[in-house]
Amino acid sequence: MMIDHPLLGPRDAQEFTYLGDASLIDRPDWQAEDAVDQFHDYLYLRDNPAGEHRELWFHEVGDRSWLVVTRNTLTHQITSVELARDVARSRGRSK
Amino acid sequence: MSQKNRLPGGQIDRSQNLDFTFDGKRFTGHPGDTLASALMANGVRLMGRSFKYHRPRGVLTSGSEEPNALVELRSGARQEPNTRATTAELFDGLEARSQNRWPSLTFDAMAVNDRFSNFLTAGFYYKTFMWPAAFWEKLYEPIIRKAAGLGSLSLEEDPDSYDKGYLHCDLLIVGAGPAGLSAALTAGRSGARVILADEDFAMGGRLNAETFAIDDTAGAEWAAAAVAELHGMNNVRLMPRTTVIGGFDHGIYGAVERVSDHLPTPAPGKSRQILWRVYTRRALLCAGAIERPIAFANNDRPGILLAGAMRAYANRWAATPAQKVAVFTNNDDGHRTARDLMAKGVRVAAVIDVRPDAPRIADCELLAGAQVIDTSGRLGLSFVKLRQADGSERIIECGALGVSGGWNPNVHLTCHQRGRPAWNPAISAFVPGTDLPQGQSVAGAAAGAFSTHAALRSGAEQAAAILGDLGIKPDKARLPRAEDAPVNIQPFWHVTEGRGRAWLDQQNDVTVKDVKLAHQENFRSVEHLKRYTTLGMATDQGKTSNMGGLAIMAELAGKSIPGVGTTIFRPPYTPVAMGTLGGRARGAHFHPVRETPSHIWAREQGAVFVEAGNWLRAQWFPRPGETHWRQSVDREVRAVRGSVGVCDVTTLGKIDVQGTDAAAFLNKVYANGFAKLAVGKTRYGLMLREDGIVMDDGTTARLAEDHFVMTTTTANAVPVYRHLEFVRQCLFPDMDVQLISTTEAWAQYAVAGPNARKLLQKIVDPGFDISNEAFPFMACGAVTICGGLRARLFRISFSGELAYEIAVPTRYGDALIRRLMAAGEEFDVTPYGTEALGVMRIEKGHAAGNELNGTTTALNLRMGRMVSKKKDAIGSTLSERAGLNTPDALALVGFLPKLPEEKVTAGGHLMNREGPLDAKHDQGYVTSACYSPILNSHIGIGYLKSGSERMGERLRLVSPLTGQNIEVEVVSAHFVDPEGDRLRA
């Protein structure tokens, strides 16, 4: 597979390690009333779509960027690659 | 033996003789020959025995689709089984042997299987060897394996090397026949970066095997001129002897180049084969078509081959399987074989065409509406028996029969991404479907365009279309003139009349009857048919046989052929040697190791090494007279605790953390607090996974307000770094913090023992005060040593002694260990390895990898209170889950055996002194154990239910694995210096 790195252009998937669902960016608020439940769902409950999937890849033998890759799990077609940092910011994460 | 079946002409170099042997007999051929063509020219028809029934078999094809002529090449360490004689290029001195026969190819004792064929039909393994189950492993399988093997291995190490390589191109063209050459000329002349790969050693594809003219020259000559023109283009890479074995995601193709298979031994510095990974913007498949046979009774006799192959042997290699031949066909193309062989002076007895209205194409007897119903001849064809159109029988004498059932476009690579081919009734064959792999197009016979003109045109057109997509202006050259014969075919798969078996898959010995049996027993889906009969499961993957099997299943099921469908095509296209896939990753290169800065010095000391996280670390340093590792390790431990020792700890992961938010970041990744750590101080940090389990631990030093140096365990250096980057980029993207791994940048040594300070004072430059008052326990800072070399000094202790770790830039690591040893001579400084390190940390009750085993919580480590509840850190929320905080949770404690000489077994389980010894009553387990030369006793640490409250209790340590069952006493895990006076000294 090839991943079109937003900064470096197309790179072989062998340069990356895979983590999983990009929903791991949405880490719950530790001070919420039901924080334990929220963390449980955050950590253990995942969708397993046959089709488009947003997932985290780490450019481990490259520039060490975490990327959010949108990949079709049936065809391996990749429709978008974003810097995870940009995605995290757009989802309201900061410090 | 003379080349009695050699014909005039052909693309062989008769000026040179190549001597070779087959089963010990000497023969002669010429450059340009394959092993198969040379054997055929020498009158050899019998080339192998079949897999199951040991039937005598000859060559069926002239290419890589060959099911029968599998031979063993070379001898000694280079012996190579299951090589197709049809693709093996002849060289002087080649040794070849037939396979799967004993004692000889002409008399094979195992041919007795053929007599029992009624018992060996489809599914016979499943039916016969069911009972008793115990017989399978010991009796049935060894017998079957011995009987069913094909070639044999030398069991010696392969002396040749194999490489892997990477290529990039705008356009990869697979196949250099008329379509591929036409496409390559169009793309090459336009300036695109082109790779043209062909599995054959001579490019040209069918142009080399046919007599067609292109413009006013012979096809083979036109091909040679095209190759010469392409050869002169810098933007075109020609790759003959290269098979594209698979199409993978996003335009990546795998290819195997046989660099040296055609030579007795590889040239110096050259590999035997190269596995290429080809990154393409676009790919054009011009893989041609593969002819399919017609099944009839006893159609596997040596001398019966595909009509197109017979023509190829005559035209390209000037060889014929016999001086008198016949042709059996259902289409016009078969007639060309008769015409071409007659032109070479071979007698053609008749063309037998199943079509009643067959046209007369060759100037010989035409038997329209006739069918072959049987054959005869010992170890080779002598006669064919026909049913003629008028119903009469007739016997024709001939030594070879060319069979043509039509041509199948070679769609293999179009299906590697789960694409499915589509049925084209006009040519009665599957053609590539619409769901082609990303970036792939198809041209020529592979797309069902069978005439030379159609191949040339579609190659040029497809190339032009691809260039347009890539934004390259295509060259517009005139298309050369060539034949444009239509496909005239009447679908015909097997002759129903006849008493003998009609073979479909000759390599796996599958007959028409086997397919009928599968249907009868309800194995009707193509995937079931394949597995039940083993049709298409041999090394040729049924390239010549699958279609016939599908057609017969369709007939039996009353379905159309596309209604039955095809099985899935998977890479590799042809078999690939394991050595090629392994490449250079052999021996020491299979698993490279990393060496520490003191490695050369340690080797000089005779150190015994152990692998840890890919690093080679000194395990202990034996001294003369020491005969057991325990003697060395005990001595090293006593020396450290008695005076001073030095240990290379470079392998621990080091991560530089900098930025105004560095402290806030560490507060997120460590469960305990780091915000208030003073500059010049070091702190132990406990890192949790988000689920509350301990991920790693280590010390982190604050070198400046905005600068920390974190250490990780050796094994977790990479995953911890990855995790930190995840936290930084994905969870807290606005923190001002930067990370870099500096594990390899610093050589680091632990200097431990009561004399550690005295030793270091001789090394550290006088301007730096490292007295206990100025540089107390857990202090850290930048210093210079040995007269100006920058270094970092940390007063941390894993051993429990007064200890430091000193780090210098890696290139000074070797010099520093030598300097430390020289300076420490007066203290009898002792190098110690990982074993002594391990003993001392167990004596001190420090957790390591055995304790941080992926199930451990801070509470288990008795560090529960370190998990700050006042801040948010990774894992802190879920570490509060009730299930991880039960009153009887495991806690880290120490164990002393009742008798000091009794060994404590790591992995052993703890049981109450009274009560049953079973898993249900398990109390915990030992994680680490050693002999303590300080306590003069074996000791252990481990996890015990409610461990903190059970000090002094006596338990049983049970290890069913070693048969151990001893009494131990629960003690504090801190065996040595529990108050920590020594490390603060």
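Chain A is the first sequence line, chain B the second, and so forth, proteins listed ahead of strands; every chain is numbered from 1.
- To the nearest 0.5 angstrom, Phe39(A) atom CZ is 10.5 Å from Ser879(B) atom OG.
- Between Trp66(A) and Phe726(B), the ring planes lie perpendicular to each other; the angle is over 60°, past the 30° to 60° tilted range.
- Other residues, nucleotides and ligands contribute at most 12 non-hydrogen atoms within 6.0 Å of the CZ atom of Arg418(B).
- The two residues Arg93(A) and Phe732(B) make their nearest non-hydrogen contact at NH2-CE2, 4.2 Å.
- Looking at Leu56(A), the atoms closer than 4.5 Å to chain B (heavy atoms on both sides) all sit in the side chain, from C-beta outward.
- If you measure heavy-atom distances from Val718(B) to chain A, the contacts under 4.5 Å come from both the backbone and the side chain.
- Taking both residues in full, the closest heavy atoms of Cys730(B) and Ala88(A) are given as O-CB, 3.3 Å, listed atom of the first, atom of the second, then distance.
- Interface check for chain B: of the options Leu19(A), Leu43(A), Asp26(A), the most heavy-atom pairs under 4.5 Å are formed by Leu43(A).
- For Tyr18(A), the OH atom counts as densely surrounded, since its 6.0 Å shell holds more than 12 non-hydrogen atoms of other residues, nucleotides or ligands.
- Each of Val737(B), Asp661(B), Asp249(B) has some count of heavy-atom pairs under 4.5 Å with chain A, and the biggest count is that of Asp249(B).
- Put simply, OH on Tyr44(A) and CG on Leu878(B) are 6.0 Å apart, with the number rounded to the nearest 0.5 Å.
- Contact annotation for Phe665(B): neither backbone nor side-chain heavy atoms come within less than 4.5 Å of a heavy atom of chain A.
- Both the backbone and the side chain of Glu725(B) come within contact range of chain A, judged by heavy atoms closer than 4.5 Å.
- Between Arg728(B) and Arg64(A), every side-chain heavy-atom pair lies at or beyond the 4.5 Å cut-off.
- Ranked by heavy-atom pairs under 4.5 Å with chain A, the list Gln438(B), Gln417(B), Arg722(B) is led by Arg722(B).
- Near-neighbour residues of residues 72-80 of chain A relative to chain B, defined by a heavy atom under 4.5 Å from a heavy atom of that chain, comprise Thr75(A), His76(A), Gln77(A), Ile78(A).
- Residue Leu731(B) touches chain A through both its backbone and its side chain, counting heavy-atom pairs closer than 4.5 Å.
- Using a 4.0 Å cut-off between a side-chain N of Lys or Arg and a carboxylate O of Asp or Glu, Arg27(A) and Asp872(B) qualify as a salt bridge.
- Among Arg91(A), Glu60(A), His40(A), Gln31(A), the residue with the largest count of heavy-atom pairs under 4.5 Å with chain B is Glu60(A).
- Only the side chain of Phe58(A) comes within less than 4.5 Å of a heavy atom in chain B; its backbone stays farther off.
- Interface remark: Glu690(B) contributes backbone and side-chain atoms alike to the contact with chain A (heavy atom separation under 4.5 Å).
- The number of heavy atoms from other shown groups lying within 6.0 Å of CG (Asp34(A)) is above 12.
- Heavy atoms closer than 4.5 Å to chain A are found nowhere in Ala882(B), neither backbone nor side chain.
- Contacts between Arg881(B) and chain A at a heavy-atom distance below 4.5 Å involve the side chain alone, from C-beta outward.
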